[in-house]
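Heads up: the structure comes next, in structure tokens.
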Amino acid sequence: MRVSTAFNRMLDLPGASVTRVVFEPVGVVVTVRRRARRHRCPCGATAAGYDRSTRRWRHLDLAASKLWIEAEIWRVDCRACSRVRTEAVPWARPNARFTSDLEDLIAWLCQRTDKTSVTKLLRVSWEAVQAVVMRVVAEHLDDRRLNDVFNIGVDEISYKRGHQYLTVVADHDTGRVLHVAKGRSHASLTSFFELLGPERCAQVQAISMDMATVWRQPCADHIPQAAICFDPFHVIRLANLALDAVYKAMGREHGSGTGDRDWRRTRYALRAGAERLTDEHRDALKALRRNRYALWRAWDLKERLRAFYREVHPDDARRYLRAWCRSAAASRLRPFVNLAGQIRKHFDGILAAVEHHLSNSRLEGINAKIRLINRRGYGHPKAAHLAAMIHLCLGGITIPLPTET
């Protein structure tokens, strides 16, 4: 069997045939000839040749040797683009010096391990791996991912020192990241709604978020029909802060020193959830109700607010939350009186979270994965680089391996 025939069968390059194989110090260089006679611009239009040169593309390694594909390539005068561009070849992406098979392998590995391991395994540079990720994501991230989006969540994550943030939008129904934008501002979320378009914006039924005001105006402008659901975690956090404020204001009347065992047991009983308390902790709360009723009342208000999310049926949620606000206002505990005012201010959004069964827990899980992606990449100098990695790993992109048929 001729060498060219053997390499034709091994490589199986689309739209090309092997004409020569040379063993050089840099590795195995395989010269190929394109079968198509017409030249095509990367935009897809047929164009006239302008000038030509010889180029090499790195391919999958051949045993311990690097393998290079060499071919004659033209620059074309594209009328559709109104400029001179390098023609597209069927075995590589535009402007790439790696073949598509090698780039797919790099992207597949980046979904599963850190870039340092990829660079060492495939003998490519860090910058080359990042450029590959950008090209693969740009090819696979199409507009269809935004179809049939009904319940979404938005949150921000710090990715760099100096209060550098990314805005992340995810689909509650699929768990996929839909959009990543630099910053934490109106423009960051507005850019997502502009991608979504008016028709698909009209399909959005609910959006979950924290209680910050930065996201509300873009939602009012683009998805006024959607219910805004405030994350339950942030509401309960406010209740815990109110309980701590009461706890600190009242001080300790009994015991000596910070190591007092009885008081530490009481403090744990106040801060822990009722379902986690032992009989010993419940006895401590009973004693607190007899001796320090105001502190017990603060604990009771906190637990009743937790029960709003855990036990109350959506049909009874409005009545229950209004009753809780009245109890908090009547408690004469200033932190809880203020909390009742905050809940009345955000009443509809807090109620919507129960009615739509939405929280930002999915977004918090995504943020934890983003921190892992950022950490195993030893940080990313640009937001666009981290955004590409987020889409690659969390955007539902499936990369086929070259060995898969």
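One is the number of the first residue; the rest follow in order along the sequence.
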Mind checking the [atom1]-[atom2] spacing from [X] to [Y]? Nearest 0.5 Å is all I need.
X    : Y    : atom1 : atom2 : answer
L195 : H179 : CG    : NE2   : 5.5 Å
I370 : L386 : CD1   : CG    : 7.0 Å
Q130 : T119 : CD    : OG1   : 12.5 Å
I152 : F192 : CD1   : CZ    : 4.5 Å
N367 : L394 : CG    : CG    : 10.0 Å
Q111 : T113 : CD    : OG1   : 12.0 Å

For [X] and [Y], indicate whether the former's side chain and the latter's backbone hold a donor-acceptor pair under 3.5 Å.
X    : Y    : result
D104 : L401 : no
W68  : V26  : yes
T190 : H186 : yes
W324 : L301 : yes
H356 : A352 : no
R55  : I69  : no
R362 : S359 : no
R35  : A16  : yes
E87  : W74  : yes
T19  : T31  : yes

Do the side chains of [X] and [Y] get close enough for a salt bridge, i.e. N-O under 4.0 angstrom?
X    : Y    : value
E103 : R93  : yes
D114 : K120 : no
E275 : R310 : yes
R271 : D244 : yes
R304 : E311 : no

**OP:** For the pair H222 and F193, name the ring-plane relationship: parallel under 30°, tilted 30 to 60°, perpendicular over 60°.
**Re:**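 Ring orientation of H222 relative to F193: parallel.
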**OP:** Evaluate the side-chain hydrogen bond (donor to acceptor under 3.5 Å, both in side chains) criterion for residues N151 and D171: first the C-alpha distance (whole Å), next the side-chain angles of each, then the deciding distance (0.1 Å), finally the verdict.
**Re:** CA-CA 6 Å; N151 299 304; D171 188 342; over 6 Å; no
Under 4.5 Å between any side-chain heavy atoms of [X] and [Y], yes or no?
X    : Y    : result
F230 : F347 : no
I207 : I223 : yes
N240 : I236 : yes
Q225 : V204 : yes
R267 : Y247 : yes
L238 : M211 : yes
V169 : V177 : no
D210 : F233 : no

Subject >> D231 to S361 - nearest heavy-atom pair and separation >> reply: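 Heavy atoms only, the tightest pair is OD1-N, 4.4 Å.
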Original post:
How far apart are the closest heavy atoms of K182 and S188, and which atoms are they?
Top reply: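 Shortest heavy-atom separation between K182 and S188 comes out as O-OG, 3.1 Å.
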Original post:
T46 and H39: side-chain hydrogen bond (donor to acceptor under 3.5 Å, both in side chains), yes or no, with the steps?
Top reply: CA-CA 6 Å; T46 303; H39 308 296; over 6 Å; no
Original post:
So which of N8, V89, V18 actually passes side-chain contact (heavy atoms from CB on, under 4.5 Å) with V32?
Top reply: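 By the side-chain contact (heavy atoms from CB on, under 4.5 Å) criterion, V32 pairs with just one of N8, V89, V18: V18.
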Do the numbers put [X] on top of the ring of [Y], so that NZ or CZ is under 6.0 Å from the six-membered ring centre and no more than 45° off the axis?
X    : Y    : answer
R184 : Y165 : yes
R297 : W299 : no
R97  : W57  : no

Subject >> Worked verdict on E127 versus K115 for salt bridge (Lys or Arg N to Asp or Glu O under 4.0 Å) >> reply: CA-CA 10 Å; E127 294 78 10; K115 292 180 182 177; over 6 Å; no
Please check if any side-chain donor atom of [X] sits under 3.5 Å from a side-chain acceptor atom of [Y], or the reverse.
X    : Y    : answer
H313 : D316 : no
S208 : H172 : yes
N338 : Q342 : no

Original post:
Within a reach of under 6.0 Å around CZ of R376, are more than 12 heavy atoms found that belong to other residues, nucleotides or ligands?
Top reply: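 Yes, CZ of R376 has more than 12 neighbouring heavy atoms, counting only those of other groups under 6.0 Å.
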Original post:
Under 6.0 Å from the CG atom of N95, do we count more than 12 heavy atoms belonging to anything else shown?
Top reply: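 Counting neighbours around CG of N95, 12 or fewer heavy atoms of other residues, nucleotides or ligands fall under 6.0 Å, so no.
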Subject >> Counterpart residues, side chain to side chain contact (heavy atoms under 4.5 Å, CB included), relative to R123 (two or more places apart) >> reply: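 Partners of R123 under the side chain to side chain contact (heavy atoms under 4.5 Å, CB included) test: R58, D61, K66.
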Original post:
How would you list, by chain and number, every residue that makes a salt bridge (Lys or Arg N to Asp or Glu O under 4.0 Å) with D315, sequence neighbours excluded?
Top reply: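 Salt bridge (Lys or Arg N to Asp or Glu O under 4.0 Å) check on D315 returns nothing, list empty.
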**OP:** State yes or no: are the ring centers of H281 and Y268 separated by less than 6.0 Å?
**Re:**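 Yes.
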